[in-house]
Amino acid sequence: MEQGLIQLWASTGIANFTMGSVVMIIISSLLIYLAIAKGFEPLLLLPIGFGGVLANIPIAEIAGPEGLLGILYHSGIETGVFPLLIFMGVGAMTDFGPLLARPSLMILGAAAQFGIFATLFGAVAMNMIPGMEFSMADAAAIAIIGGADGPTAIYVASRLAPDLLGAIAVAAYSYMALVPIIQPPIMKLLTTEKERGTKMSVLRHVSKLEKILFPLTLLLITILLLPSATPLVGMLCFGNLLKECGVVDRLSKTAQGELINIVTIFLGLAVGSKLAADKFLNLETIGILLLGMVAFSIGTAAGLLMGKVMYRMTGGAVNPLIGSAGVSAVPMAARVANKVGLEANPQNFLLMHAMGPNVAGVIGSAVSAGVLLAIVG
Amino acid sequence: MEQGLIQLWASTGIANFTMGSVVMIIISSLLIYLAIAKGFEPLLLLPIGFGGVLANIPIAEIAGPEGLLGILYHSGIETGVFPLLIFMGVGAMTDFGPLLARPSLMILGAAAQFGIFATLFGAVAMNMIPGMEFSMADAAAIAIIGGADGPTAIYVASRLAPDLLGAIAVAAYSYMALVPIIQPPIMKLLTTEKERGTKMSVLRHVSKLEKILFPLTLLLITILLLPSATPLVGMLCFGNLLKECGVVDRLSKTAQGELINIVTIFLGLAVGSKLAADKFLNLETIGILLLGMVAFSIGTAAGLLMGKVMYRMTGGAVNPLIGSAGVSAVPMAARVANKVGLEANPQNFLLMHAMGPNVAGVIGSAVSAGVLLAIVG
Amino acid sequence: MEQGLIQLWASTGIANFTMGSVVMIIISSLLIYLAIAKGFEPLLLLPIGFGGVLANIPIAEIAGPEGLLGILYHSGIETGVFPLLIFMGVGAMTDFGPLLARPSLMILGAAAQFGIFATLFGAVAMNMIPGMEFSMADAAAIAIIGGADGPTAIYVASRLAPDLLGAIAVAAYSYMALVPIIQPPIMKLLTTEKERGTKMSVLRHVSKLEKILFPLTLLLITILLLPSATPLVGMLCFGNLLKECGVVDRLSKTAQGELINIVTIFLGLAVGSKLAADKFLNLETIGILLLGMVAFSIGTAAGLLMGKVMYRMTGGAVNPLIGSAGVSAVPMAARVANKVGLEANPQNFLLMHAMGPNVAGVIGSAVSAGVLLAIVG
Amino acid sequence: MNSLNGFKNMNIDQLFAQSLQLLGLGMGSVFVILILLIGIISTISKLVPEEKFVDPSAKSRATATAPTSSAVNTQHIAAIQAAIHKFRNK
Amino acid sequence: MNSLNGFKNMNIDQLFAQSLQLLGLGMGSVFVILILLIGIISTISKLVPEEKFVDPSAKSRATATAPTSSAVNTQHIAAIQAAIHKFRNK
Amino acid sequence: MNSLNGFKNMNIDQLFAQSLQLLGLGMGSVFVILILLIGIISTISKLVPEEKFVDPSAKSRATATAPTSSAVNTQHIAAIQAAIHKFRNK
Ligand code: NA
Ligand code: NA
Ligand code: NA
């Protein structure tokens, strides 16, 4: 009996906790709290946080190669399958109509990607801090946080820096949730009251045919110029074609419904498996969080400045605020642009105009991911 | 042509049947009949029975390593993924409100687990019968049938005694279906008319916050005291948190809907692959069926006796009948308690009061599973 | 920088295109066009076409062993899991009532399978053309196109001739879409105006019990006589039992809904991965397309001739047109029979009568597949 | 698959012979199995008691349209409506 | 699994001893964990502010049936209706 | 991945150079691809015939509100309602 009691005690959590796992469980619980109480991207941060708790339980080894989370990570993230299926679902959920109604605004979605590449320098510079060591691949994986797109960040990190994936995913989704806090000050700093009050003309109606041809056009260009971006862009286009073609509604409904829900649950838990103390509790993570914030801010600023250029060039036909939506973070960033616009002018509804740059930003980060994977990967 | 005819004849079922496979196909068909005609846990026993038929078809080797059932078993049950996902779905379907309204009744769910551990002795004793040979691991896997919870039984059996999994799963689900026949006599034997007629006061309203904190509390305690139970308890809590937190309804809907349906189909077929003659047609199976019945009966009795203790201690505020619901077998056992209560007193609605011990029983068996896995596994 | 530009240019599609991949992307795009604009079996041909485009993108290697399509093919088609799950879904969607109301019409579904076996000779004969080389296994895989059933064709091809799977799947689904063009001329050629105008008596009501017993009966016969057909027939019967038994509606709903949708998306993309230039752009593919057309035509003719026999034997109680529905291609072929019947006699509604031979054709091709797998496989 | 490899180095005559064999065995099996099926389900349909039950939707409408309809009429109506229903869904 | 193999070559007395041990440890763990749980959630329920909230469906009906019902009544009705609701669904 | 290993033993200056290169190539690619996209879809939008079609929900309401509305008005209304619709859904 004693022997049994000893064996049982030896198998309790209390007897086996390490400081690190305790801290990680607390951090993971914080993510759960933020997801539920503060509405921080709950669809992902809740499963990620819960996965983080499970991953740090001693003995159980739920994140080990034979544990549920380990199996999910191995089969869904190492392979890239989960982020790609999420991207298909995103495509099936996205209406590119606003972008097609005024294609020129896509430039804003391009400019905002500056945040990604500028962050590379920050990451490299951190190598000067003793104890920090980021390879070029690490730097690229961290920089993609600036893409403000979850599946893209997870996909790139899983290929370039799996060890940093946990911190990168957490940073990406946290900052997407913080967009309403991060962006407005930058928006107000870089734009004048008059600019913010600019109203934009109603969008033209976009025909069904244009919507069907769009994903095919995008895929074609990506194939010709940047094949390394085609896994991401391809699945986005596939999902969108399912949605727009109108002949496979049952597949479209599934891709944007039950399938993306199932994959989201699995993806979240699997990402959580990377919140293990040894991989997360280190200087690098602090660096990643800082760099992610920088990336978001620079991306926002770049989008706004390009917005001001277009404001000038179009003689005030474009409200610079929608430039900040270019970072993607769909649809949060577009809503923020709309909100700030309303503050400046109560008749100023920017939401639909901001959706264009917003979804263009998704394409922009997928393209950026392709470049990073082609050169660094 | 003759050669071809011979080859074809040689490839017919008739030419290749073994006595065993014929018998197993008949037994599996019986399960299908009971599921459809008698409503024996059809969601599981129908796929299990059909899987059993497919598994015993000569030549086709559908349960072999390259057959559909073999692949499902290998990827979903050997890994533990299917039962854990079912447990997540169960969590997303379960309302712990009744349990939270009157936590003390959880004791009943604890007592009823006595059926599990008492059965260990029966299993060990059977080693005295020539031709029977149960290791401690076998005994533990058989005893868990007393937990009256399908996924728990399958999960434990897949870890401790894969060869017995078919018989254990069949026994577990069959007896859960037989609860309305097994329990009432025991209930009437151990309780007086007066006790059975006891009415219980209406349950208090439980706040949303309490419901959100419950799965987190349960997980925390399990982490601290019994990490080996956290895969099961963790997924149960995760599913329940998805349900109660209110910010991820689309994930909750999927977890308790399409996802659990898909996994149920796969799990059932995969369990059926274990109904192969050589593994099933032996003395052990008879032993398992007997022991399962014993486990259910002892568990029911233990719950009732603890119910009588609470009846005394509370001065008649607790109806002992709800103790029998402590074995879990949700929600059947709770309904049986309600029915027997109504017979004794037509104004006596016990359903909601029995749900507390009923779901506590699920937790109790998951904890018991953890102990068995920690010590025997 | 130059070095980088070179690296980037070296990683563009333009710099890496082969003639073959360009042609295959065009062909795949044509499939997408036919699916969307002409409604050619869009549920399958759209994903297959899109998968074909992705599979032929240089560098990305999306169809490679580590690419999404390659992973889907390896885990879902090489194993046979996807076609079998589709077959389960088909079973859950199929109402065998019309077939049960008048079982004798199943003979038409048997006769139409002649198209499969007659095509074997054509495939073998093609070996006489220099540059063509079909083994017996290849011939069998090609012949099954005549079964006019997608999952059956994919399942057989994946087992007998994986290299030809792309062409076979494309041929099978294309000709199923072309049924309204292929069949009518043959129907009019082989039947008289009077025969086509024959009205058939209303079908009797079929009881629930008969519908439940049917899948079990079919499975039993297949087990006894042709176990090699039980994976396909078994899953068809399982799905149908889920539908008809009435006690597992949530599983039936999932099997014929979200699950078959998910698998269809994966199956289509995975089949597309076989549209690689080196496997598709060769004489064999031309041969496969020709033979597939032949198989459909012979099958249609055989069904019609058997229809004429029944017309005579029943003294005009059977309209020969429904014989053409025996090729399966559910429900298209049945609708074609109905349409041609209406042309001959506006009061002549054949749809429900044609559904019997139509679904019998599915069983017939599954049985034929079993024979081919047993003898050639 | 071994047999498959066997076929690889077959000459064309052997392949034709093989095809002929498959034709015979294949059509044979298909007819045997489906005729057996016809026999058994015909027997079953005789044994199974005539079901009063008509699928609810149909009945409701049937009664709506012809409250006093005989079992036969109801069945006809049911069948027709089922057909229409199918037709629409397809 | 090593321990498992250990048990394989145990004699029956050892197996009984082992079972006895499992009985003790098992029921012990179950009771300890569930009693702890009772303690903590009881404490929580005291700390958590009484919720005005009643689940909408219930409220709507509650107000429908008894527009002037006191909080307590409403709760009773809610509880009862929840029960009925559950019963139907199960 | 070989190139990746290559970077591992780079000194910081090389890393900065590499970053600069990525900045140029990356932003270059993004702008080239998106500008190309702008060009092509603008051309397409010119080639594609002005669609009479307005999404049904919108049309129904449009006609409801302004049965005699000109194509232009209808389009405006459609666009606005689409916007409102989107807004609600988000
Ligand atoms: Na972006
Ligand atoms: Na239990
Ligand atoms: Na067929």
Side-chain angles (χ1 to χ4, degrees), chain A residues 95 97-101 103-104 106-107 109-111 113-114 116-118 120-121 123-125 127-128 134-137 139-140 143 160 202-210 213-214 217-218 220-222 225-226 229 331 334-335 349 351-352 355 360 363-364 367-368 370-372 375-377, chain F residues 1 3-45 47-55 58 71-72 74-80 82-84 86-87 89-90:
Chain A
D95 172 11
L99 177 151
L100 294 167
S104 59
M106 268 196 269
I107 291 294
Q113 306 314 314
F114 185 74
I116 295 175
F117 298 99
L120 285 170
F121 295 89
V124 168
N127 279 320
M128 291 188 271
F134 289 132
S135 71
M136 201 66 226
L160 298 182
V202 168
L203 293 172
R204 71 173 183 88
H205 169 68
V206 176
S207 71
K208 190 164 171 303
L209 181 55
E210 287 172 84
L213 291 175
F214 174 72
T217 312
L218 171 57
L220 179 65
I221 296 173
T222 316
L225 300 183
L226 197 61
R335 279 190 233 157
F349 297 96
L351 187 70
M352 292 316 291
M355 285 309 296
I363 299 168
V367 170
S368 309
V371 174
L372 295 172
I375 309 272
V376 181
Chain F
M1 286 296 143
S3 48
L4 179 149
N5 303 335
F7 297 127
K8 274 264 165 52
N9 27 32
M10 267 182 165
N11 67 40
I12 193 125
D13 302 344
Q14 290 171 296
L15 288 173
F16 275 119
Q18 176 72 13
S19 307
L20 190 64
Q21 184 191 33
L22 279 168
L23 171 64
L25 297 173
M27 290 309 286
S29 310
V30 172
F31 272 99
V32 169
I33 287 176
L34 288 186
I35 288 171
L36 248 172
L37 195 55
I38 293 173
I40 298 178
I41 63 182
S42 308
T43 324
I44 290 173
S45 69
L47 301 178
V48 170
E50 251 313 324
E51 194 178 51
K52 286 282 137 284
F53 159 100
V54 175
D55 72 275
V72 182
T74 324
Q75 276 194 20
H76 280 204
I77 293 159
I80 292 153
I84 294 160
K86 274 273 158 11
F87 199 91
N89 294 5
K90 295 291 174 185

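Residue numbers begin at 1 in each chain, while the letters A, B, ... track the order of the sequences.
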Given that the side chain runs from C-beta out, which part of [X] has a heavy atom under 4.5 Å from chain F: side chain, backbone, both or neither?
| X | result |
| --- | --- |
| A/Leu213 | side chain |
| A/Leu218 | both |
| A/Ala125 | both |

Look up atom [atom1] in [X] and atom [atom2] in [Y], then write down how far apart they are to the nearest 0.5 Å.
| X | Y | atom1 | atom2 | result |
| --- | --- | --- | --- | --- |
| F/Leu36 | A/Met106 | CG | CE | 10.5 Å |
| A/Ile375 | F/Gln18 | CD1 | CD | 7.5 Å |
| F/Gln21 | F/Phe16 | CD | CZ | 15.0 Å |
| F/Ile35 | A/Ile221 | CD1 | CD1 | 11.5 Å |
| A/Asn127 | F/Leu15 | CG | CG | 6.0 Å |

I'd like to know which of [options] tops the heavy-atom pair count under 4.5 Å against chain F.
| options | result |
| --- | --- |
| A/Gly97, A/Ser368, A/Ala118, A/Ala111 | A/Ala111 |
| A/Ala143, A/Gly109, A/Ser104 | A/Ser104 |
| A/Pro103, A/Ala123, A/Ala101 | A/Pro103 |

Quick check on [X] against chain A: is it the side chain, the backbone, both or neither that has a heavy atom closer than 4.5 Å?
| X | result |
| --- | --- |
| F/Leu23 | both |
| F/Ile38 | both |
| F/Ile40 | side chain |

If I compare all heavy atoms of A/Val124 with all of A/Ala139, which pair ends up nearest, and what's the gap?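 That closest heavy-atom pairing would be CG2-CB, 4.5 Å.
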Is the backbone N or O of A/Ala110 less than 3.5 Å from a side-chain atom of A/Gln113, with the two atoms forming a donor-acceptor pair by type?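 Not at all, since once roles are kept as given, no pair shorter than 3.5 Å links the two residues.
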